[in-house]
Amino acid sequence: MNERFDAKLILLRMIRGWYRIVIGIILGALIIGIPYVFINVILADDKDYQMHFTVHVDYEEDSSGTLYDIINEVTWGTWVDTDIFIDAVSNKLGGDISPEQLRAVTNATLETDVRLVEFYVVTKDPQITEMIANACMECFTVLDEHIRELNVTEIVYADKYATEVQKDIRIKNAVLLGAVLGLLVTVFLMLILYLLDDSVYIPLLFTERFSVPIKTEKEIEADKSFIKDATLVHVGKDFEGFPEKYTNNSAILEIESGAHNGKLLLAMIYELEEQGINIKGAVLKNADYKLIKAYMASTKFPNPFMKE
């Protein structure tokens with residue numbers, strides 16, 4: 001028995017199953033895209049409104065006459081969260097907004113230059129955003145008086161009004177990612193299923209494996225003498241039992257194409273040989289003639305992927 005892995009057959013079956021790949025791509029796009037839209041668009045939080053101003057800072061000198069150069073974004077984040085600054089802003093607002101709420105909606109960062117502090121206020125209400133931002137600008141000099149590293153701070157830029165924060169929603173990217181994942185998963189699963197499929201599809205491969213001549217139903221119609229003087233033994237998905245008697249002690253295997261019955265077929269051939277029954281040939285039922293034609297048409301070309 002000569003059994004081999006045939007990459008050409010798998011490739012042809014992959015091509016014949018192109019619609020499964022298309023379905024996988026569509027399903028992948030939907031599985032990723034729909035939840036993304038649902039979470040980020042339909043169930044998205046209320047819009048955020050932001051107001052921003054820029055502060056120019058002159059730093060004090062240390063004992064050696066050198067400007068403080070260890071100031072960073074974390075430092076500024078800590079300074080604007082101190083009770084000194086937050087309490088001043090809260091008092092400016094009349095105590096209507098608690099210090100905890102102010103800390104949650106304000107933030108200071110250093111984006112390009114340590115001397116330029118970018119201050120942001122973000123809330124769900126544009127009017128509240130503007131009110132807090134204006135109060136912060138008025139109270140910023142409080143830090144000059146209490147932070148020894150600071151000399152003078154000056155507001156050099158401020159938004160005129162709060163603007164809506166544009167969310168980074170990329171529906172096309174999510175759909176494309178889902179489509180690519182759907183493609184990869186579908187191709188992988190198809191390859192696994194095709195590799196595990198031990199069905200008979202190509203008569204030539206069956207003959208090479210079992211050294212038993214085989215014909216399709218169409219060929220039998222043209223030459224019925226092939227099945228004369230022998231008993232038909234059906235090999236489907238399930239074992240249906242052996243005949244009680246055999247004509248001329250010979251059998252013709254009637255094999256269902258694509259029935260995932262390779263192991264059953266192998267066991268039946270072994271049992272027939274053990275009983276001394278001559279396997280005269282086989283008939284391939286419900287054959288995929290387009291697949292057979294494509295496979296046989298390509299046999300004249302060398303196959304670098306074939307492993308004997």
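Put simply, the side chain of Thr153 does not reach to within 4.5 Å of the side chain of Leu143, judged on heavy atoms. Side-chain atoms of Asn107 and Val80, non-hydrogen and from C-beta on, never get closer than 4.5 Å to each other. Side-chain contact between Ile269 and Ile279 is present, with heavy atoms from C-beta onward closer than 4.5 Å. The shortest distance between side-chain heavy atoms of Phe242 and Ile277 does not fall below 4.5 Å. Within the 4.5 Å cutoff, side-chain heavy atoms of Met131 are placed close to those of Ile97. At a threshold of 4.5 Å between non-hydrogen side-chain atoms, the residues Leu253 and Leu265 count as touching. Side chains of Tyr161 and Pro126 form no contact here, defined as non-hydrogen atoms less than 4.5 Å apart. Taking 4.5 Å as the limit, every side-chain heavy atom of Glu60 sits out of range of all side-chain heavy atoms of Leu150.
Closest approach of Ile214 to Pro203, counting heavy atoms only: CG2-O, 3.3 Å. Closest heavy-atom contact between Ala230 and Lys280: CB-CD, 4.1 Å. Nearest approach of Pro213 to Thr207, heavy atoms of both residues: CA-OG1, 4.1 Å. Listed here is the closest heavy atom pair of Arg103 and Asp83: NH2-OD1, 2.5 Å. Annotation for Ser199 and Ala259: closest pair OG-N, 3.5 Å, computed over non-hydrogen atoms. Heavy-atom minimum distance, Ala162 versus Tyr49: CB-CB, 4.3 Å.
Once rounded to the nearest 0.5 Å, the distance linking CG of Leu27 with CG of Leu183 reads 12.5 Å. How far CD of Glu240 is from CE of Met268: 8.0 Å, rounded to the nearest 0.5 Å. Between the CD1 atom of Ile86 and the SG atom of Cys136 there is a distance of 6.5 Å, given to the nearest 0.5 Å. In this structure, the separation between CD1 on Ile220 and CG on Leu284 is 10.5 Å, given to the nearest 0.5 Å. A distance of 10.0 Å separates CD1 of Ile128 from CG of Leu93, quoted to the nearest 0.5 Å. A distance of 9.0 Å separates CD1 of Ile31 from CD1 of Ile34, quoted to the nearest 0.5 Å.
More than 12 non-hydrogen atoms from other residues, nucleotides or ligands lie less than 6.0 angstrom from NZ of Lys167. Remark: Phe239 CZ is packed, more than 12 non-hydrogen atoms of other residues, nucleotides or ligands lying under 6.0 Å away.
In this structure, Lys218 is positioned above the aromatic face of Tyr289, its NZ or CZ under 6.0 Å from the six-membered ring centre and within 45° of the axis. Both tests hold for Arg13 against Tyr201: distance to the six-membered ring centre under 6.0 Å, angle to the ring axis within 45°.
For the residue pair Asn261 and Glu256, no side-chain donor N or O sits within less than 3.5 Å of a side-chain acceptor on the partner. Checked by atom type, the side-chain pair Asp223/Ser225 shows a donor-acceptor distance below 3.5 Å. Side-chain contact annotation: Asp229 with Thr247, donor-acceptor N/O pair under 3.5 Å absent. With no hydrogens or angles considered, no side-chain donor-acceptor pair links His56 and Glu154 at under 3.5 Å. Side-chain contact, His260 with Asp198: no donor N or O sits under 3.5 Å from an acceptor N or O. Between the side chains of Thr123 and Asp125, not a single donor N or O lies within less than 3.5 Å of an accepting N or O. Side-chain N/O atoms of Thr109 and Glu73 include no donor and acceptor closer than 3.5 Å. Side-chain N/O atoms of Thr78 and Asp81 include no donor and acceptor closer than 3.5 Å. At a cut-off of 3.5 Å, with distance as the only test, no side-chain donor of Tyr246 or Asn278 sits close to an acceptor on the other residue.
With hydrogens and angles ignored, the 3.5 Å screen pairs a side-chain donor or acceptor of Tyr36 with a backbone N or O of Arg170. In this structure, the side chain of Gln101 engages the main chain of Ser98 through a donor-acceptor pair within 3.5 Å. At distances below 3.5 Å, not a single donor-acceptor pair connects side-chain atoms of Glu217 with backbone N or O atoms of Val283. Under a 3.5 Å cut-off, the side chain of Thr106 and the backbone N or O of Leu102 do form a donor-acceptor pair. No side-chain donor-acceptor contact under 3.5 Å links Ser257 to the backbone of Lys285. A donor-acceptor pair is defined here as one N or O able to donate and one able to accept, closer than 3.5 Å; no such pair exists between the side chain of Asn248 and the backbone of Ser250. A donor-acceptor contact shorter than 3.5 Å is absent between the side chain of Glu130 and the backbone of Gln127. A donor-acceptor pair is defined here as one N or O able to donate and one able to accept, closer than 3.5 Å; such a pair exists between the side chain of Lys124 and the backbone of Asp46.
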Problem - Residues Val117, Thr54; criterion side chain to side chain contact (heavy atoms under 4.5 Å, CB included); working and verdict - result: CA-CA 6 Å; Val117 179; Thr54 303; over 6 Å; no

Problem - Verdict with supporting geometry, Asp144 and Thr141, side-chain hydrogen bond (donor to acceptor under 3.5 Å, both in side chains) - result: CA-CA 5 Å; Asp144 301 357; Thr141 55; 5.6 Å; no

Exercise for the section: Determine, stepwise, if the pair His52 / Tyr157 fulfils ring-ring contact (aromatic ring centres under 6.0 Å, His included). Expected result: CA-CA 8 Å; His52 151 258; Tyr157 171 82; 5.6 Å; yes

Exercise for the section: In sequence, state the C-alpha distance, the side-chain angles, and the governing distance for Val187 and Met14, and then conclude on side chain to side chain contact (heavy atoms under 4.5 Å, CB included). Expected result: CA-CA 8 Å; Val187 170; Met14 293 287 292; 3.8 Å; yes

Practice task
Would you check, one step at a time, whether the test side chain to side chain contact (heavy atoms under 4.5 Å, CB included) holds for Ile32 with Val175?
Solution key: CA-CA 6 Å; Ile32 299 295; Val175 172; over 6 Å; no

Handout entry: From CA spacing to verdict: side chain to side chain contact (heavy atoms under 4.5 Å, CB included), Thr186, Ile23
Key = CA-CA 9 Å; Thr186 302; Ile23 293 174; over 6 Å; no

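There is no path of hydrophobic side-chain contacts, each under 4.5 Å, that joins Met137 to Leu116. Under the 4.5 Å side-chain heavy-atom criterion for ILVMFWY residues, no single connected hydrophobic cluster contains both Ile25 and Leu184. Both Leu110 and Val57 belong to a single network of hydrophobic side chains, linked directly or stepwise wherever heavy atoms of I, L, V, M, F, W or Y lie under 4.5 Å apart. In terms of hydrophobic clustering, with Ile, Leu, Val, Met, Phe, Trp and Tyr side chains grouped at heavy-atom distances under 4.5 Å, Ile26 and Tyr19 are assigned to a common cluster. When hydrophobic clusters are built by joining Ile, Leu, Val, Met, Phe, Trp and Tyr residues whose side-chain heavy atoms come closer than 4.5 Å, directly or via intermediates, Ile252 is not grouped with Leu266.
Lys8 has no carboxylate O lying under 4.0 Å from a charged side-chain N of Asp6, or vice versa, which leaves the two without a salt bridge. Salt-bridge annotation for Arg16 and Asp288: present, with a side-chain N of the basic residue lying under 4.0 Å from a carboxylate O of the acidic one.
Classification of the Phe206-Phe210 ring pair by plane angle, with boundaries at 30° and 60°, yields tilted. Relative orientation of the Phe119 and Phe53 rings is parallel, given thresholds of 30° and 60° on the angle between their planes.
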